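For reference, the structure discussed in these notes is given below.
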Amino acid sequence: MSKKGWASIVFLCVIGGLALVVPMLPFWDPNSFDPNLLLEPHAPSWGHWMGTDDLNRDLLLRSIYGAQISLLVGLVSVFISITVGTFVGLLAGYFGGWVDTLSMRLVDIMMAIPAIFLILTIQVMFTPSIWNVILVIGFTGWMGVARLVRSEVLSIKERSFITAARARGIGTLSLIKRHILPHTINPIIVAATLGVGGAILTESVLSFLGLGVQPPHASWGNMLQNSLNYMGDAPWMAIVPGVLITLTVVSFNFIGDDLRGYFQHDSHASR
Amino acid sequence: MPYLIKRLLSAIPLLIGITFISFSLMKLAPGDATSMYRDPSISQADIAQIRSNLGLDQPLVVQYAKWLNNTIHGNLGYSFVTGEPTSKAIGDRIGATLLLSCASFGIILVITFFLGLWSGYKKGSRFDDWVTIITFVGMSIPTFWLGLILILVFSLTLNVFPTSGYSNPFLSEASSLVRLGDIFHHMTLPLLTIVIGGVAGLTRYHRFGIISILNQDYIRAARARGISESIILFKHAFKNACLPIITILGLSLPGLISGSFVVEYIFAWPGLGQLGVQAVFARDYPIIMGTLLMSSVLIISGNLLADIAYAKIDPRIGTLS
Amino acid sequence: MILEGIFNTIHMLHVNDLQTTFISKKESVTAVDGVSLRIPKGKVVGLVGESGSGKSVTAYSIMGLLPAHAKRTGEILWKGQDLTTLSDKKLQSIRGKEIALILQNPLAALNPVFTVGNQLVETIMLHHQVSKEEATARAIELLKRVQIPDPEKRFYQYPHEFSLGMCQRVMIALTVSMMPELLIADEPTASLDVTVQAQIMLLLKEIQAQDNMSILFISHDLGLIAQNCDYVYIMYLGHIVEEGAPSAIFHNPQHPYTQALIHAIPDPNPDNKMETLPIQGDIPSPMNIPKGCRFHTRCPKALDRCKTDVPIMQKKGDSISACWLE
Amino acid sequence: MNSIRQRVLGGIFLGLLFSLSACSSPTQTAQSDAILKLNIGANPSFLNPVLMTDSASSSVVGLVFDGLFKRNEDLDMEKELVKSYSVSKDGLTYTFRLRKGVKWHDGHPFTAEDVNYTFDVLLDPKTNTVRRGHFIINGNPIIFKVIDTHTIQATLPQPFAPFIATLDMGILPKHLLEGKDINTADFNRHPIGTGPFIFKDWKSGQFVTLKKNPHYFKGAPKLDGILMKIIPDPNTALMALQKNELDAAGIPAKDVPKIEKISYLDIYKYSRLNYSYIGLNVKKPPFDNLILRQAIDHAINKPAIIKSILKGYGEVAYIPSHPLSWAYPKSSDLVKHDYNPQTSETLIQSLGYKRHIKTNIYEKEGVPLSFTLIIAQGSPETQKMAQIIQQYLITSGIKMRIQVMEWSAFLKVIHSHQDPKPFDAVLLGWGFDITDPDDAYTSWHSSQYPKGGNFNGYQSAKADRLLEKGRVTISQKKRKKIYTEFFQTIGTDTPYIFLFHPQSITGIHKRVKGLSKPGPAGILTRIEQVYLED
């Protein structure tokens, strides 16, 4: 792991740790404010290190709660994509024939529909909520994984240890579980790490369109959307979540990149 | 030729699949074009009459079959919102989208080419480290945020580029050169927004390609023959490095087409993406379907072009004839 | 010295105490550690060892084709000039023109996206001041010379349309086109069928004789070396452990490693029941080099001393070897 | 001319963004022609007064077409294509004498046939119009009849006081449209009218250009042309105003101090004909309870919301009408539920609710006092307002969840045909189109529930009686009395929590002269008198 990789891990641990711990503490509510005061954004100060938003709410606190949601959306939706993609890819690669043709046609179709139309249309069908955002991002992002897993399975299937395992009379299910799946895990881990960054970005686009996580709950995406009206007057409202999104996504990308390098190196050495 | 024909034929079920799935999804979403006019003063009878005029009261399969039949006969229908023929609405917009995407495409390719080549060649150098960090940051910045910041800096603060739009309508009488210059002036910021993200992603791939190619035996063999570094880089490595780039370009085409819509929205760029997204919100089915069909066709033909280019560069892929 | 005695000729190449280390952030690996080689003019010198012993790294070190993170010390004297001190540009002018390289996998060594003719013409035009037409004519001539049938048609084909053996012929044609004085052949036949192997070796010898080239022939196949070389170096884990004329090495090997290598050659004659001692274990990782004699971990006759002291090269029998055994 | 869509969306907040559509403004003079540069905020749909449903189209249509009448800056109906008219004693027959010498932009003369054709098209079921309902009273259409080339007669099935107020719709040229399918005609993109400006060009998604009509019957406009840009993003539009790319733009309240500092811009603030409110579903617990509705009304500090959201540019609303309307009651006649958390809690406690020790939320029989407020996606201001209301209610021990929905999904819920409808409360803005108090009929009459504009299920025999009486009474004085009583009924029953009437704030370049008196119709109602000063 490179220096960038370690820095990324440290950064994500800090963000993730804060996002995990702070909401459990009973001291603050990131959504509450006094409605009788004049509501407008305040610049960073001793009281509010990162300033406040247009409803006098502390941006630092909201950023931490936003991190919780952004990370949740990123991780869970990628988990869904990976699960679905791996499942489809395994089936297609292992069984081949019409299963393969059918599922790869589906992948082609899903990939040829511009993602944003797909997401928009699905998203407007349901009431916007965190879980719907996660589901939508998850179920529109599995196609790449399916292709990846399929091609890995195809190449593993040709290797002699699979033939040897078959010759020993090992059943299909345990063959997939014990012999094929473990060998696809490295590229899946890489795809997942890179996917988290992508999912966080997609969430921010959805929020930008007002279809993401809904107020009063904070996500970096909707904080950013909220800031658009104050770009000129309260730039901190845009800078804080914008920088956080960028740093988090960069971190996931750095780690993914390092992992890819690591696994590639690993596989070269073992071959 | 048979290969081409086969590829073209295989696009047909793909298109039918795409349109049917999208059509069904669209119909599952609540509301239709008439929900935009629900206002207490509008009578229910008027709404019902319009729904029946537009054929919205028929079953999904019937509506799809009708749409498909009309489309095969070259009639993409009329917009529910503007009554304009869909083909015309798309025709009005596609130029702007193609201009923006082709220009950004070209610029991305050129920058990526040099950046990726050099950072791959100088792998591990300070230059490479910086390129790596910058490309990662570029990939990770939310597009709309970047666009807004560019407007803030270049348009509002420095006042060098217009905030939005496609052209200055006062120049409609001016010479075509002036008008072209004006369009490019308007295009700079949206272009920059797309290019920053695009270059970042593609440079990574290009760099990877260059690194793995420079490790190949044929590069070592060429060096052993005393061939100069520049020929190695620009002839031997380059042509091979094109292959993964073409694949990536083919694969990222859908993203480029749909991805530019955020940019179109922020900069009020009158393109297909803007049209399509407005249509989704307005439930303007003929326009949604037209836009989807158009972008699917673009994507499929883009992939086809990528395959052809690939086969052209890589002699190992079966010849097309 | 004994070498002069055997060849009585000038050394084209004199490698002296070459050490090549790959440096990375985590660890450094010394793949070649104090190798000295001499290659006389017009002779074929063999370099033998298991894979991982550092043969190819030696070749790349001589050519100056090591990756950026590798460090090389020692002398590589080419006709009296130290290659390690030359600029990249100077080195480039020596590569190909004076020292050429043939690699193990000929298909991988040809750029897949250019025609064979293109790569030949490129090389010819680089080393000789000729027009494109002239270069094309010469290229076809060369293809003919390396016995590629139908060279006019083959000229326009891509590497993937050639068989492996044909590809190696193309590589030889490329080498011949540059008329080098030294050819480093890194396992040139390892990936070929046995019959093709023989043809290629024959071709190489023919070319070598015609052009009076020197060849550094690298192989793991001691038999092949013995048949084709004038002098042999045995390499183990970055060290030269024994050197000498093929007859000496073959009939009276001194180093236990050489003996093991020879015993590992299968004998087709079932009556010839020589005791075969398979080499025990695997070659140790270059990241974890044993102390003392590097071979002691696998040596059946190892002494206590072998575990601590590094043996030096000394004449024993008809060859020079590095071993504490008497 | 407010469009229908604007009235709904209209709500205040989206309206803010598009408010410019109704007005126009001038720009810097780089060109010798006097061209006014405005933003219409969205791509128009139909440039056809019968078919259009959006504010962008109506901004264009209003300049290209003339109606029989026109609403002026005081909201009165002024004669436009009509020279004079008379009404029969029974209030059923209207005879309109039209202006002579009016010409279409293509030079063809304007006649009563055009008027007749326009209403024929409107009443034709094949026409996809949402305005047909205005001309059908209790299922019977109004019948138009040409008397001579410049006289037309309308016969109503029953007396209908707001009739004249619907006649500001633009008139279509029969000679260009007859025999064509009006829904798809090319005319909708190349309109030809009788108005002060001639349609020139429409670049989809970019701009619409108009040039002056030198033969306009009220005299040629002083401007040479109007450029209507399409900039959907209000922030971008504001930047364009500051860069002189626009002559006028709507200004979000928070940006007023910033714009006020710009020396070459003037700021106009004027009332808009709408109000913001929380609509409570009175058919369903908890809001089937009047006391609880009143308690909520007392819990919300409306002046503070006006200060936060509108930066003070608005006034508190009490009833579904506007202070500028002739029908608006005297202040002393209004039922007001002022901000008083104490009263609110007393009312809630009187219903048997107790605060939960831990959550501090009122509950009765273990059921906490909570509900969901649905809001439409797309307006940051609406979301902000919902969050402020949430804070007020939580202090009063009421838990309110916010549910943002995409527009169509939102409308599907509030226009669902089930009874009761599947929502607790909505946050909306309502606009008025016809400036007649009768527009309350569709929102409040019990016949309009569940199918119709009465989406929250308010049904009161008293209100029904007053509404029915109001629309057949012709005398304005008598009507005012009827509607005052009606508004008091609404105020007491509290089916809505009325919040405020917002103001439009428009920034306009100082060189734009000839502005009309600022009012709900904007500041460019006398567009033919607007000119640019060098």
Side-chain angles (χ1 to χ4, degrees), chain A residues 2-4 8 105-106 108-127 144 147 194 197-198 200-205 207-209 211 220-221 224-225 227-228 231-232 235 238-239 241-243 245-254 256-257 260-261 264, chain B residues 10-11 13-22 25-26 28-31 129 132-133 135-137 139-146 148-149 151-152 156-157 204 208 212 251 253-259 261-262 265-266 273 276-277 279-281 283 288 291-292 295-300 303:
Chain A
S2 66
K3 240 184 262 170
K4 298 188 295 274
S8 304
R105 267 326 107 201
L106 186 65
D108 286 347
I109 289 174
M110 294 280 284
M111 282 194 129
I113 302 178
I116 207 76
F117 287 113
L118 208 59
I119 292 178
L120 267 183
T121 317
I122 297 177
Q123 190 64 2
V124 297
M125 276 164 51
F126 302 100
T127 336
R147 277 192 180 165
L194 297 174
I200 291 175
L201 281 182
T202 309
E203 190 273 331
S204 76
V205 172
S207 290
F208 177 68
L209 294 172
L211 297 172
W220 292 339
L224 210 44
Q225 184 212 18
S227 78
L228 291 182
M231 284 295 277
I239 289 168
V243 167
I245 291 179
T246 309
L247 284 181
T248 306
V249 177
V250 161
S251 297
F252 278 109
N253 286 344
F254 275 151
D257 193 50
R260 170 161 44 200
Q264 260 170 11
Chain B
S10 76
L14 199 59
L15 279 176
I16 291 183
I18 292 168
T19 51
F20 185 71
I21 288 187
S22 330
L25 272 179
M26 213 166 65
L28 283 174
D129 282 349
T132 302
I133 290 173
T135 50
F136 270 109
V137 173
M139 282 194 303
S140 313
I141 295 184
T143 320
F144 57 91
W145 191 61
L146 182 65
L148 260 290
I149 289 200
I151 294 184
L152 202 70
L156 206 57
T157 311
R204 289 301 295 162
F208 272 130
S212 76
L251 284 178
L253 217 63
L256 276 169
I257 286 177
S258 66
F261 103 91
V262 179
Y265 176 83
I266 292 192
V277 171
V280 169
F281 281 116
R283 306 284 189 277
I288 300 177
T291 319
L292 260 170
S295 48
S296 303
V297 166
L298 280 180
I299 287 163
I300 289 171
N303 278 328

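Treat the numbers as computed from the prediction; the structure is a model and nothing was measured. Order of the sequence lines fixes the chain letters, A, B, ..., with proteins taken first and strands second; residue numbering starts at 1 for each chain.
In terms of heavy atoms, A/V250 sits closest to B/S140 at CG2-OG, 3.1 Å. When all heavy atoms of A/N253 and B/M139 are compared, the closest pair comes out as ND2-CE, 4.0 Å. Heavy atoms only, all atoms of each residue included: B/L14 and A/R105 are closest at CD1-O, 4.3 Å. For the pair B/G17 and A/I109, the tightest heavy-atom approach, listed with the atom from each and the gap, is CA-CD1, 3.6 Å.
For a residue to count as touching a neighbouring chain, one of its non-hydrogen atoms must lie under 4.5 Å from one of that chain's; by this rule B/I18 touches chain A with backbone and side chain alike. B/T291 touches chain A through its side chain: at least one heavy atom from C-beta onward sits under 4.5 Å away, while N, CA, C and O do not. Heavy atoms of A/M111 lying under 4.5 Å from chain B belong exclusively to its backbone. At a 4.5 Å heavy-atom cutoff, the contact between B/I149 and chain A is made by backbone and side-chain atoms alike. Looking at A/F254, both its backbone and its side chain come within 4.5 Å of chain B, counting heavy atoms on both sides. Interface residue B/I133: backbone and side-chain heavy atoms are both found under 4.5 Å from chain A. Residue A/L106 touches chain B through its side chain alone, counting heavy-atom pairs closer than 4.5 Å.
With hydrogens and angles ignored, the 3.5 Å screen pairs no side-chain donor or acceptor of B/W145 with any backbone N or O of A/L224.
From A/L201, atom CG reaches atom CD1 of B/I141 across 10.0 Å, with rounding to the nearest 0.5 Å. The OG1 atom of B/T132 sits 7.5 Å away from atom CG of A/D257, with the distance rounded to the nearest 0.5 Å. Interatomic distance, A/K4 NZ to B/F136 CZ, rounded to the nearest 0.5 Å: 7.0 Å.
Chosen from B/G276, B/A279, B/S22, B/P13, the residue pairing most often with chain A at heavy-atom distances under 4.5 Å is B/G276. Ranked by heavy-atom pairs shorter than 4.5 Å toward chain B, the options A/A238, A/P235, A/G144 are led by A/A238.
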